Structures are given as structure tokens and as C-alpha cells.
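Here the structure is a predicted model, which is why all the values come from computation and not from measurement.
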Amino acid sequence: MTTTAVRPLAVTAEGVVTPAGIGLGTLVDALAGRAAACADPQQLPGQEVLPEPVRLVEDLRLAEHVGRKGTRYLDRTTALGLVSSRLALRGDPSGDPAGDPAGDLAGTGVVVGTSAGSLRSIGEFARDTLVRDEPYLVDAATFPNTVMNCCAGQIAIWNGLRGVNATVAGGQLSSFHAVRYGRNAINAGQVGRVLLGGVEELCPQTAWGWRATRLLDPQLPIGEGCALFLVEDAQAAAAAGRPAVAELLACEVESPGPVDARPPMAHRLARTVTRALERSGVRPGEVSLVAPGATGLAGLDAAEQRAIRRTVGADTAQLRVKDVVGECFSANGALQLAAVLAHWRTHAPSGAVALLTALGPDGSAGCLVVRSTTGSAS
């Protein structure tokens, strides 16, 4: 079967917030072992008891990035997204400024991958309706935080982005689904540029939930973070003189079918990788770096590694971002991409190709092919 080639998406700016710190430069240092990611649960607001180990964003001061007015009732998920969006649109203080942050805001959309929005907000609001004295004195000002698309909506409002606005929930593959949604919106002419990525907050609800499922290696930290990327059609970016730091090539996902009809997970992932490479016009031997996403997931880590060996070879270098940021669920794919861009700042010639992979406990599989467009700094 002949596959259809994809038009590359140019990544012209990024905004990254991780347990390593604010900005992509902090992730560069953490991946290189020059800095440690924050692992102190006391740095979280409220000082809740969490099942360690954890990785969290330390000293997240939203007011320093967007101002103090109007931030009182914003939740942590939204705060992570707003800080990331400001970095992408106004320049990363730890690296190069965004190429054209004040471009066509009316034609810029937002696509955010998430699990369910802020689980803390949902859980606490629901609890208040049960434990507060009648007539159920819940705080109505916090209700907007319980809606899954709150983060994407606030990003658009605070930055004046009037293009398509969407929130995509796809579990471990949420960030990959965001890439596909953004590409479709651009190809359909609905929007010129898209700010896309994924977000996940660390809170007791998610942390204890992960440990209760026993799906995660007990030694792997549970983390949080957000990475957003300003993307547009590569030809359009070149014509406008906006330099790209990388190009997003094919992004393939495969949703689970009936249980009795599912092929083995390794086979399913290998199939998506093969299809993505063909659509990208990339030979397996051209892939010089793999960023796996199933690290630490029971039963899935080994399947992912088998698929990688079958498609691009056992000797291909791997970049395991979860060792730094921990398990970030719906933000995993976006943070894998951020880690690749961080790695390429010092280790990639122009034209280097990376493969990002992911498997989900629900049986989903996916991958993203990325190509460097700039040489390394050293």
C-alpha cells in the first residue's frame, strides 16, 4: 500500500516548563547531568503527602510571567500552560528569542493535549459539594478550572490568540494527538500557526492514582510539566523568514480495537513507526536518536524496546527524558520533543532525524518523526 507523504511543520519557537526549571536551557543542563531536577514535595503548594519519588516544577511564579491581576483562581495546570505559552510567544530567557512572537495572533490557534485537565480541581470541587454545609458552599470561582479545556482557553485569552482552540485527551498519546490535530487545522486552512503541546500537573490525585494502579515502576518518579511549540507549514515559515529549529514530519497513532483482535503491542508500534518513516521519506538508518515514551510502564517498556529494535535497530542512541522529569502522562510526548530539541542544541548536525515513540495501557501506540534544521552550538 502506498503511503501519502506529509508536509513538514516548522517549529519556530518553544516554551518549556519542567522539573529541571523554566525554559529549554534548564532541560539541556539536566539531561547533560549538570543540574538536578526538583524532587522536594515540600515545594508544592499545600505541602500534601505524596508517594515518592516525584519530580515537580519548583517555585512556579505565574505572576512573574503574566502579571498578578486575574491569576488568583487559576489552577496549576493552567499556570504551567500560561508560562509555557509566554516563553514560546515572547522568547525563552534561557535561549534564543522567538522568531516572530508578535506575528498573526488572529491566525494562531491553540491545541493542548491533556488527560482530563486539572484532576486536583475536579476532585476538590466535587468533594466540596459533598462536605460543605448546606446549601453546599462551594467556591464558584474555581469551577472553570474543572473544565478540561480551561488551560487552552486561558492560553488563548491571555495571549490574544484567536485561531482554532482545542483540547485533546488521549492518555499517554495526548501530545501526539495534539500534533495531528494542529497539522489538520493548518492543512485545512483553518489557521496559519498553532501553539501545540501537552500539559500535566503533579497533585495527590494523580500521584496516588498512579501508585494504586501498579502500572508504573515504583522507582520511576511521577512528574509534571508543560511543553508548547509554535508550528506552521514549513514552506510558509521559510517564505516569511521565520527560522525553524526543527521540523515535525509524520505523526502516526493507532487506537486499540477489540481486545480479541489486537496484535501484540510491539507489532502495533512497529507498524506505526514503519508507516511514519515512509510518510516522512526517511530510511530507518537515517534515524540517529530515539526518545522512548513507555519507560517505566509495566509490560509496555519491553514491548516498546522490541519495536525500536525491529524498526531502527538496537544500536540507535536513546534519550530517556523520564529519568529527568518523571512520568508526566499526557505531557510525555511534548516533553520527549522538548528533550530532543534540548539534546540537539549541542549534539546534532542539521538534518539529524529523531523518532519519538509511545505506548498506552489502553492499547494505543504512536510515534513522531522529527528532523533538525539547525546545527549544534558546539
Residues that T77 engages under side chain to side chain donor-acceptor pair (under 3.5 Å), provided they are two or more places apart:
E201
Please answer whether the main-chain N or O of F329 pairs with a side-chain N or O of N332 as donor and acceptor at a distance below 3.5 Å.
yes
Contacts of type salt bridge (Lys or Arg N to Asp or Glu O under 4.0 Å), residue E232, not counting sequence neighbours:
R242
How would you list, by chain and number, every residue that makes a side chain to side chain contact (heavy atoms under 4.5 Å, CB included) with T71, sequence neighbours excluded?
L62, V66, L74, W158
Is it true that a side-chain atom of S280 and a backbone atom of A250 form a donor plus acceptor pair closer than 3.5 Å?
yes
Under the criterion salt bridge (Lys or Arg N to Asp or Glu O under 4.0 Å), I'd like the reasoning laid out for E224 against R120: C-alpha separation, chi angles, the key distance, then a yes or no.
CA-CA 13 Å; E224 65 175 352; R120 177 200 289 272; over 6 Å; no
Using a 3.5 Å distance criterion without hydrogens, assess whether the side chain of S174 forms a donor-acceptor pair with backbone atoms of A331.
no
hydrophobic_cluster_shared for L215 and M265, side chain cutoff 4.5 Å
yes
Residues that H343 engages under ring-ring contact (aromatic ring centres under 6.0 Å, His included), provided they are two or more places apart
H347
To check you understand the geometry: which heavy-atom pair defines the closest contact between V199 and G81, and what is its length?
CG2-N, 4.4 Å
With sequence neighbours left out, the residues meeting side chain to side chain contact (heavy atoms under 4.5 Å, CB included) with R211 are P51, P53, L216, I222
Hphob cluster co-occupancy, V290 + V369, side-chain heavy atoms under 4.5 angstrom
yes
Specify the closest pair of heavy atoms between A37 and R55, including all atoms of both residues, with the distance to one decimal.
CB-CD, 3.8 Å
Side chain to side chain donor-acceptor pair (under 3.5 Å) involving T311 - partner list, sequence neighbours excluded
none
Verify, without hydrogens or angle tests, whether Q336 (side chain) and A291 (backbone) share a donor-acceptor contact under 3.5 angstrom.
yes
Excluding sequence neighbours, so at least two apart, what forms ring-ring contact (aromatic ring centres under 6.0 Å, His included) with F125?
F143
What is the minimum heavy-atom distance between L80 and E200, and which atoms define it?
CD1-O, 3.6 Å
Tell me every residue that passes ring-ring contact (aromatic ring centres under 6.0 Å, His included) with Y73, counting only those two or more places apart in sequence or in another chain.
none
Check whether R310 reaches the backbone of R271 with its side chain - one donor and one acceptor, N or O, closer than 3.5 Å.
no
Of all heavy-atom pairs linking A307 and A270, the shortest is CB-N, 3.8 Å
Contacts satisfying salt bridge (charged side-chain N to carboxylate O under 4.0 Å, His left out) that involve residues 21-33 (not counting sequence neighbours) are D29-R34
Side-chain donor-acceptor distances from residues 160-173 under 3.5 Å, at least two apart:
{"unit_1": "R162", "atom_1": "NH1", "unit_2": "G160", "atom_2": "O", "d": "3.4"}
{"unit_1": "N165", "atom_1": "ND2", "unit_2": "A152", "atom_2": "O", "d": "3.0"}

Is it possible for you to say whether L202 and M148 belong to one hydrophobic cluster, with membership spreading through side-chain heavy-atom contacts below 4.5 Å?
no
Under the side chain to side chain contact (heavy atoms under 4.5 Å, CB included) rule, collect the residues that match up with A178, sequence neighbours excluded.
V111
State which residues pass side chain to side chain contact (heavy atoms under 4.5 Å, CB included) with E286; sequence neighbours excluded, sorted by chain then number.
V282, R283
Please check if any side-chain donor atom of E304 sits under 3.5 Å from a side-chain acceptor atom of T357, or the reverse.
yes
